[in-house]
**Q** 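To start, I am sharing the structure in question, which I have written as structure tokens.
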Amino acid sequence: MEEAMPFKTLHSREYQGHKKKVHSVAWNCTGTKLASGSVDQTARVWHIESHGHGKAKDIELKGHTDSVDQLCWDPKHADLIATASGDKTVRLWDARSGKCSQQAELSGENINITYKPDGTHIAVGNRDDELTILDVRKFKPIHKRKFNYEVNEIAWNTTGDKFFLTTGNGTVEVLAYPSLRAVNTLMAHTAGCYCIAIDPVGRYFAVGSADSLVSLWDVNEMLCVRTFTKLEWPVRTISFNHTGEYIASASEDLFIDIANVQTGRSVHQIPCRAAMNSVEWNPKHNLLAYAGDDKNKYQTDEGVFRIFGFESA
């Protein structure tokens, strides 16, 4: 019985390397490497063994001149990673050498970035609610659009023919891709929508909101199927596990909730010491990376992230 999954006996491990807090964590497509982006203006790539006991080896990606707010891996290439920064650039890196291979200078402070599932395009959102689509091969913008409302996290569906924008109005705007023609406006929440996650199996997407709820949507019907209600603070980050059975969500509550997608019931909570900025499940194993505003006893940033799901601490 899958419901008896032994989350209870699993442990978290801590990874130290950044000098300031970590804003974003993301796994590569094979689940062997994890990248972390930090306020310290660097990203780091960590080699993680799912049953490993050794010290994680990491490589530093240096070059940004402001906070690295979000990063994402090429969905088809286990060693290519894109970073979005407040320095107005988007950079593409080779995770083996740590070298920046491409750079695009955009018009504003970049806060959200995501790859199209086939790896051909990257979408970037900035603080001025402007969306830029980059062609990955040329690393040049092919679409630009400014919205007259707050745009938060963005995502393609698994087939890449729809594009989702979460908005400060509590809606999810659904656009056709590549035309970016408006197809649908989903009245999702009573307060701003902050984050979105796509079920890897392709059935659902989930939206996290300032109203503290996570809503689950049927991709084909575009209807809300259920809500997850465990958190009490604005939902900052959500992620489906690789089988699509579990969803993790986090906020300023001092725990990360793991819920069963089908029943809506909470099955486990991971305690944390600070508000969370990013949670992401590994694409092959039940390992959940998470990072937040952790401070040490002197009230300075710890610069750590953790991974939950190991047999031993």
**Q** For the residue pair N286 / N282, report whether a side-chain donor-acceptor contact shorter than 3.5 Å exists.
**A**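 Side chains of N282 and N286: no pair found under 3.5 Å.
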
**Q** Describe, in one word, how the ring planes of W46 and Y15 are oriented to each other, choosing from parallel (under 30°), tilted (30 to 60°) and perpendicular (over 60°).
**A** perpendicular

**Q** Begin from the C-alpha positions of D135 and K140 and carry the test salt bridge (Lys or Arg N to Asp or Glu O under 4.0 Å) through to its verdict.
**A** CA-CA 6 Å; D135 175 295; K140 294 273 188 289; over 6 Å; no

**Q** Should we say atom NZ of K19 is surrounded by more than 12 heavy atoms from elsewhere, each under 6.0 Å from it?
**A** no

**Q** In the single-linkage hydrophobic clustering (I, L, V, M, F, W, Y; side-chain heavy atoms under 4.5 Å), do L106 and I122 co-cluster?
**A** yes

**Q** Under 3.5 Å, which donor-acceptor pairs link side chains of residues 248-258 to any protein atom two or more places apart or in another chain?
**A**
residue, atom, partner, partner atom, Å
S251, OG, D253, N, 2.9
S251, OG, D253, OD2, 2.6
D253, OD1, E232, N, 3.2
D253, OD2, E232, N, 2.9
D253, OD2, W233, N, 3.0
D257, OD1, S266, OG, 2.5

**Q** Show every donor-acceptor pair shorter than 3.5 Å between a side-chain atom in residues 172-181 and any protein atom, with sequence neighbours excluded, or say none if there are none.
**A**
residue, atom, partner, partner atom, Å
E173, OE1, T185, OG1, 2.7
E173, OE2, T171, OG1, 2.9
Y177, OH, H121, ND1, 2.7
S179, OG, R181, N, 3.2

**Q** Looking at R91 and C100, what are the two nearest heavy atoms and their distance?
**A** CB-SG, 3.9 Å

**Q** Assess the side chains of T229 and T227: does a donor N or O sit below 3.5 Å from an acceptor N or O?
**A**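 The criterion, which ignores hydrogens and geometry beyond distance, is not satisfied for T227 and T229.
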
**Q** Would you check if the side chain of N110 reaches a backbone N or O of T89 as a donor-acceptor pair within less than 3.5 Å?
**A** yes

**Q** When you check the side-chain N and O atoms of S107 and E130, is any donor under 3.5 Å from an acceptor?
**A** yes

**Q** Between N152 and N112, does any side-chain donor sit less than 3.5 Å from a side-chain acceptor?
**A** no

**Q** Taking atom types as modelled, is there a side-chain donor on E153 or Q70 under 3.5 Å from an acceptor on the other?
**A**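 Side chains of E153 and Q70: pair found under 3.5 Å.
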
**Q** Can a donor-acceptor pair be found, under 3.5 Å and without considering hydrogens, that links the side chain of R226 to the backbone of V261?
**A**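 Side chain of R226 to backbone of V261: a pair is present.
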
**Q** Test F164 against F205 for ring pair (Phe, Tyr, Trp, His ring centres under 6.0 Å), laying out the working first.
**A** CA-CA 10 Å; F164 300 106; F205 62 93; 4.6 Å; yes

**Q** Mind checking whether V90 and I81 sit in one hydrophobic cluster, side chains of I, L, V, M, F, W, Y counted as touching below 4.5 Å?
**A**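 No, separate clusters.
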
